[in-house]
Amino acid sequence: MGPVTGKKVFSVMALCAMISLLMLPVVMSLPSLAAGEEASADAAKKEGDKVEKGRDVYYKTEGIVAGAPAPKTTDGPKDYPRYNFESRVLLWFANQQHLYYGSFVLAVPIFCMVIEFMGVVTKDKALAKRYDQLAYDFIKISLTAYSLTAILGGILIFTFLTLYPAFFGYLSSIFRPVMHIYALMFVAESGTLYIYYYGWDKMKEGFLKWIHLSMSVILNVIGTLLMFLANSWIGFMMSPAGVDEQGRYLGNIWHVIHTALWNPLNVHRILGNMAFGGGVVAAYAAYKFLAAKTEEDRAHYDWMGYIAMALGVAFLIPLPFAGYWLMREVYAYRQQMGITLMGGLLAWLFIIQATMIGILFLSTNYYLWQAMGRMRGAEKYQRYIKYLVFLLTCGFLVFITPHTMVMSPAELKAMGGQQHPVLGNYGVMSAKNGGINVIITTTVLSFVWYMRGNKVSTVSWAKFGNIFMGCFFFFAYINIIWLAVYGYYIPANVRVGLSVPQVATTLSCLFFMFALNSVMMKGAKQMGPIEWGKISARSQYALIMLATAFTWMMGLMGYIRSSVRLFWHVNEIMRDNSPWAYTHTVGFAANMISFNVLFFWISILFVFWLGSLAVKKVPVEAKAGVPGSAPQPAGSH
């Protein structure tokens with residue numbers, strides 16, 4: 001056996017051993033969970049066969065009572081200690097900062113995995129090294145952020161224990177069967193991350209590179225499972241399951257985890273985290289681009305910003321659909337919660353959310369239009385941009401139009417009711433769905449134009465393909481707008497179903513048109529190379545705006561999700577009897593969200609600065625091709 005073969009066998013054995021160690025906590029927990037349930041049943045039998053049972057508040061199944069009821073708290077130092085400041089605001093701050101960094105360190109390793117895989121499979125060695133360097137830059141940024149995430153997690157737990165001891169004690173008692181799994185998986189993720197980062201140079205070629213790539217898969221699986229477990233706590237607080245009406249644990253931990261809102265929360269948060277992570281890395285690249293002193297650095301960070309933006313927007317596009325699913329499940333679980341969210345106390349916050357979503361898509365489209373300036377031949381699309389601006393503006397205005405206004409009692413009395421005589425005729429959900437679907441479809445069209453900016457299709461059916469794509473987009477707009485208008489002429493319970501054909505139309509444009517355009521552009525004639533770094537500074541400010549809007553909207557949605565419980569710690573199970581069991585005004589919430597955003601960006605700039613202290617230089621052969629034609633990542637568009 002030669003030295004190379006022996007090295008490969010040893011690497012495979014080491015990988016298998018590492019996977020076994022990482023999965024050991026999960027494997028060991030399964031029999032312990034079953035043993036715990038059997039132990040509670042056996043203990044009940046020993047007490048004279050008097051097994052007390054309870055009825056699950058959500059699943060409506062019976063289970064053996066295996067926990068104490070939810071504590072009934074009182075306003076006092078025992079349950080709600082004071083520190084001359086509103087405890088809820090302190091917890092809000094600690095939770096939001098931990099969430100920001102947790103989202104960032106979850107998203108970036110996924111980006112690294114995708115980019116490193118692209119480098120492994122590409123046949124262009126120079127381009128492969130550039131992809132590898134880009135993935136290394138990404139993980140280097142997240143390494144310091146990962147340490148900060150752990151510190152903020154410790155601060156968050158300390159804040160819970162100090163300010164809300166009764167509530168945290170009850171939540172810990174419910175999730176005790178999986179608490180050790182969470183802790184052990186966090187340790188496993190930390191170990192995998194550090195091996196992945198520090199083993200980069202040792203495993204950069206051949207079969208060892210595939211081993212290294214496999215470690216990124218393991219890292220992301222563990223990170224995703226950690227997020228799912230954390231989401232189960234949020235889902236339990238909003239839509240409890242696995243407990244009876246008194247809040248007593250019924251012995252089935254899967255029911256506690258798998259609540260009514262767990263699945264939509266998982267999908268919504270993973271998409272949101274990915275979009276947020278892409279925005280933060282794009283802002284980092286924009287900052288480095290603006291501060292760059294050489295053409296090579298500007299080219300590198302221009303490319304880095306584009307890749308991060310493209311990955312972020314790829315997850316942003318389906319994010320509104322995941323949000324609709326989450327709201328639908330909220331309505332299905334408790335209709336009153338849905339009304340509070342969309343048509344009651346928190347409704348005006350969704351107008352602010354719609355404004356932020358509009359800013360995200362407008363910034364994305366503006367960046368793409370500016371990016372066309374780095375491609376020779378993209379001038380042919382410039383004269384059509386004004387029509388896209390018109391579509392985006394109209395869709396944005398429809399999307400942010402409210403159905404009802406926030407008014408004082410005197411204004412309501414003067415108007416004679418909640419419905420405004422003019423505005424009350426607008427803002428229905430089918431129209432809003434039409435507005436956002438027009439925006440998303442226009443963004444897809446901008447991406448299609450960018451992908452073919454410096455290319456001319458050489459397939460024999462190119463003319464027919466262009467006509468077909470034009471007709472497809474035209475009739476997609478007609479269908480979306482017609483359904484939006486049609487919604488005004490049908491009952492509300494029927495109008496809700498119009499979102500399905502609108503979404504189907506948008507997704508058809510997304511998948512079919514991207515696929516068709518890729519086939520048409522295969523082997524296309526290039527009118528010139530992409531001149532990376534030859535882009536206006538305004539485009540970089542658009543990336544910074546994109547990241548800031550992501551950050552602000554994440555803070556807003558976290559506040560909305562928490563506020564929908566109103567005066568409950570755990571909805572309808574454990575009441576919040578603190579003096580802060582009320583909903584803040586919109587103005588206070590906006591100021592608090594803005595403060596969280598400002599603090600995050602100040603701290604993340606510190607993280608970026610730390611990452612720049614030990615910059616790994618790009619290999620000379622990889623750098624050489626940045627402005628030229630051969631090693632350009634044009635094919636990745």
S.K.: Under 3.5 Å, is there a donor on one side chain and an acceptor on the other for Asn263 and Trp325?
M.R.: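 Per modelled atom types, Asn263 and Trp325 side chains form no pair under 3.5 Å.
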S.K.: Quick check: do Ile535 and Gln540 have side-chain heavy atoms less than 4.5 Å from each other?
M.R.: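 Answer yes - side chains close enough.
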S.K.: Is there a side-chain contact between Tyr381 and Arg452 (heavy atoms, below 4.5 Å)?
M.R.: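 A side-chain contact exists here, since the closest heavy-atom pair is under 4.5 Å.
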S.K.: Which pair of heavy atoms, one from His268 and one from Leu319, lies closest together, and at what distance?
M.R.: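 Nearest heavy atoms, His268 then Leu319: O-CD1, 3.5 Å.
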S.K.: Could you walk me through whether Ile234 and Leu265 pass the side chain to side chain contact (heavy atoms under 4.5 Å, CB included) check?
M.R.: CA-CA 9 Å; Ile234 301 171; Leu265 271 172; 4.1 Å; yes
S.K.: Kindly give the heavy-atom pair with the smallest separation between Ala542 and Ser363, and that separation in Å.
M.R.: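 Distance-wise, the nearest heavy atoms are O-CB, 3.9 Å.
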S.K.: Decide yes or no on side chain to side chain contact (heavy atoms under 4.5 Å, CB included) for Asn437 and Thr505, but give the supporting numbers first.
M.R.: CA-CA 9 Å; Asn437 279 282; Thr505 302; over 6 Å; no
S.K.: Ignoring hydrogens, what is the shortest heavy-atom contact between Glu329 and Pro264? Give both atom names and the distance.
M.R.: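 For Glu329 and Pro264, the tightest heavy-atom pair comes out as CG-CG, 3.8 Å.
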S.K.: Measure from the side-chain N and O atoms of Lys432 to the backbone N and O of Thr401, and report whether any donor-acceptor pair falls under 3.5 Å.
M.R.: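 Yes, Lys432 side chain to Thr401 backbone: donor-acceptor pair under 3.5 Å.
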S.K.: Keeping the roles fixed (side chain from Asn517, backbone from Met513), state whether a donor-acceptor pair exists under 3.5 Å.
M.R.: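 It does not hold such a pair.
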S.K.: Is the number of heavy atoms from other residues, nucleotides or ligands within 6.0 Å of CZ (Phe468) greater than 12?
M.R.: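 Check fails, neighbour count at 12 or below.
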S.K.: Taking everything shown except Phe321 itself, do over 12 heavy atoms lie less than 6.0 Å from its CZ?
M.R.: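 Yes, enclosed.
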S.K.: Taking the side chain as everything from C-beta on, heavy atoms only, tell me whether Ile352 gets closer than 4.5 Å to Trp552.
M.R.: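 Ile352 vs Trp552: side chains touch.
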S.K.: Roughly how far, to the nearest 0.5 Å, is the OH atom of Tyr541 from the CZ atom of Arg538?
M.R.: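 Answer rounded to 0.5 Å: 10.5 Å.
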S.K.: What distance do Leu392 atom CG and Tyr366 atom OH have between them, rounded to the nearest 0.5 Å?
M.R.: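 Taking CG in Leu392 and OH in Tyr366, the distance rounds to 14.0 Å.
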S.K.: Check Glu116 with Lys204, please: is the shortest side-chain N to carboxylate O separation under 4.0 Å?
M.R.: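 The answer is no: the pair does not qualify as a salt bridge.
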S.K.: Counting N and O atoms only, with roles assigned by atom type, does the side chain of Asp297 sit under 3.5 Å from a partner on the main chain of Lys293, one being a donor and the other an acceptor?
M.R.: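 Not a single qualifying donor-acceptor pair exists.
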S.K.: Can you tell me how far CD1 of Ile351 sits from CZ of Phe399, rounded to the nearest 0.5 angstrom?
M.R.: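 Here the interatomic distance stands at 8.5 Å.
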S.K.: Answer yes if the side chains of Ser430 and Tyr488 hold a donor-acceptor pair under 3.5 Å, and no otherwise.
M.R.: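 Their side chains do not contain a donor-acceptor pair, so the 3.5 Å distance test is not met.
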S.K.: Please tell me if the side chains of Met327 and Phe350 come closer than 4.5 Å, counting only heavy atoms from C-beta onward.
M.R.: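 Yes. Closest side-chain heavy atoms under 4.5 Å.
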S.K.: Among Tyr198, Trp200, Tyr131, which one satisfies ring-ring contact (aromatic ring centres under 6.0 Å, His included) with Tyr136?
M.R.: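 Of all the options given, the one that passes is Trp200.
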S.K.: For His98, what residues pass the side-chain contact (heavy atoms from CB on, under 4.5 Å) criterion, not counting sequence neighbours?
M.R.: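 Scan of His98 (side-chain contact (heavy atoms from CB on, under 4.5 Å), adjacent residues dropped) gives Thr149, Leu152, Leu156.
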S.K.: Is there a side-chain contact between Leu543 and Phe289, using heavy atoms and a 4.5 Å cut-off?
M.R.: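 Answer no - side chains too far apart.
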S.K.: What is the ring orientation for Trp449 with Tyr384, classed by angle as parallel under 30°, tilted 30 to 60°, or perpendicular over 60°?
M.R.: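 Aromatic pair Trp449/Tyr384 classed tilted.
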S.K.: Let me confirm one number: the CZ-CE distance from Arg130 to Met118, rounded to the nearest 0.5 Å.
M.R.: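 Going from the CZ atom of Arg130 to the CE atom of Met118 covers 11.0 Å.
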S.K.: Restricting to side-chain contact (heavy atoms from CB on, under 4.5 Å), what partner residues turn up for Ala145, sequence neighbours left out?
M.R.: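 Scan of Ala145 (side-chain contact (heavy atoms from CB on, under 4.5 Å), adjacent residues dropped) gives Tyr101, Phe104, Val105, Val607.
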S.K.: At their closest point, which heavy atom of Met304 faces which heavy atom of Asp137, and how far apart are they?
M.R.: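 In this case the closest contact between Met304 and Asp137 is CE-CB, 4.1 Å.
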S.K.: Do you know which of Arg374, Arg298, Arg376 makes salt bridge (Lys or Arg N to Asp or Glu O under 4.0 Å) with Glu531?
M.R.: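 Answer to the salt bridge (Lys or Arg N to Asp or Glu O under 4.0 Å) test with Glu531 among Arg374, Arg298, Arg376: Arg376.
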S.K.: Has Ser457 got a side-chain atom pairing as donor or acceptor with Met520's backbone, closer than 3.5 angstrom?
M.R.: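 Yes; judged by distance alone, with no hydrogens or angles, the pair exists.
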S.K.: Stepwise, does the side chain to side chain contact (heavy atoms under 4.5 Å, CB included) test hold for Tyr194 with Leu143?
M.R.: CA-CA 8 Å; Tyr194 285 112; Leu143 200 65; 3.9 Å; yes
S.K.: Does Phe473 have more than 12 heavy atoms from other residues, nucleotides or ligands lying within 6.0 Å of its CZ?
M.R.: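 Yes - once you tally the heavy atoms of other residues, nucleotides and ligands closer than 6.0 Å, there are more than 12.
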S.K.: Can you tell me how far CG of Leu271 sits from CD1 of Ile317, rounded to the nearest 0.5 angstrom?
M.R.: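 Reported to 0.5 Å precision, the distance equals 11.5 Å.
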S.K.: Is the side chain of Gln353 donor-acceptor paired with the backbone N or O of Met553 at a distance under 3.5 Å, no angle test?
M.R.: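 Judged by distance alone, no pair lies under 3.5 Å.
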S.K.: Kindly state whether the ring of Tyr196 and the ring of Tyr146 have centres lying under 6.0 angstrom apart.
M.R.: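 No, ring centres 6.0 Å or more apart.
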S.K.: Taking all atoms of both residues into account, what is the closest heavy-atom pair of Leu360 and Ala549, and its distance?
M.R.: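 Taking Leu360 first and Ala549 second, the nearest heavy atoms are CD2-CB, 3.5 Å.
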S.K.: Would the distance check show the side chain of Lys380 and the main-chain N or O of Gly453 forming a donor-acceptor pair, the cut-off being under 3.5 Å?
M.R.: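 Answer holds: yes.
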S.K.: Does Trp262 offer a backbone N or O that forms a donor-acceptor pair with the side chain of Asn231 under 3.5 Å?
M.R.: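 Not at all, since once roles are kept as given, no pair shorter than 3.5 Å links the two residues.
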S.K.: With a 3.5 Å distance limit and no angle check, can you tell me whether Asn220 reaches the backbone of Ser216 through a side-chain donor-acceptor pair?
M.R.: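 Yes: the side chain of Asn220 pairs with the backbone of Ser216.
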S.K.: Using every non-hydrogen atom in the two residues, find where Thr192 and Met215 come nearest and quote the distance to one decimal.
M.R.: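 Closest heavy-atom pair between Thr192 and Met215: CG2-O, 3.8 Å.
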S.K.: Are the side chains of Tyr559 and Asn596 in contact, using a 4.5 Å heavy-atom criterion?
M.R.: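 A side-chain contact under 4.5 Å is absent here.
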S.K.: Tell me whether Lys463 at atom NZ has more than 12 heavy atoms from other residues, nucleotides or ligands lying less than 6.0 Å away.
M.R.: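 Check fails, neighbour count at 12 or below.
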S.K.: Determine whether a donor-acceptor pair (N or O, by modelled atom type, separation under 3.5 Å) exists between the side chain of Thr458 and the backbone of Gly523.
M.R.: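 The answer is yes, because a donor-acceptor pair under 3.5 Å joins these two groups.
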S.K.: Ring centroid separation for Phe599 and Tyr100, is it under 6.0 angstrom?
M.R.: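 No - the distance between ring centres of Phe599 and Tyr100 does not fall below the 6.0 Å cut-off.
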S.K.: Would you call the rings of Trp482 and Tyr486 parallel, tilted or perpendicular, where under 30° means parallel and over 60° means perpendicular?
M.R.: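 Geometry flag for Tyr486 against Trp482: parallel rings.
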S.K.: Check this for me: Met545, atom CE, are more than 12 non-hydrogen atoms of other residues, nucleotides or ligands nearer than 6.0 Å?
M.R.: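 At most 12 heavy atoms, drawn from other residues, nucleotides or ligands, come within 6.0 Å of this atom.
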S.K.: Return the CG to CE distance between Leu368 and Met309, rounded to the nearest 0.5 Å.
M.R.: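 Those atoms lie 4.5 Å apart.
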S.K.: How about Met356 and Ile359: do any of their side-chain heavy atoms sit closer than 4.5 Å?
M.R.: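 Yes - at least one pair of side-chain heavy atoms lies under 4.5 Å apart.
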S.K.: Which is it for Ile467 and Trp461 under the side chain to side chain contact (heavy atoms under 4.5 Å, CB included) test, yes or no, and what are the steps along the way?
M.R.: CA-CA 10 Å; Ile467 294 174; Trp461 45 275; over 6 Å; no
S.K.: Would you say the side chain of Ile385 lies within less than 4.5 Å of the side chain of Val389, judging by non-hydrogen atoms?
M.R.: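 Of all side-chain heavy-atom pairs linking Ile385 with Val389, at least one is under 4.5 Å.
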S.K.: Name the orientation class of the two ring planes belonging to Trp303 and Trp532 (parallel below 30°, tilted from 30 to 60°, perpendicular beyond 60°).
M.R.: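 Ring orientation of Trp303 relative to Trp532: perpendicular.
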S.K.: Without swapping roles, check the side chain of Asn273 against the backbone of Ser103 for a donor-acceptor pair under 3.5 Å.
M.R.: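 Side chain of Asn273 to backbone of Ser103: no pair is present.
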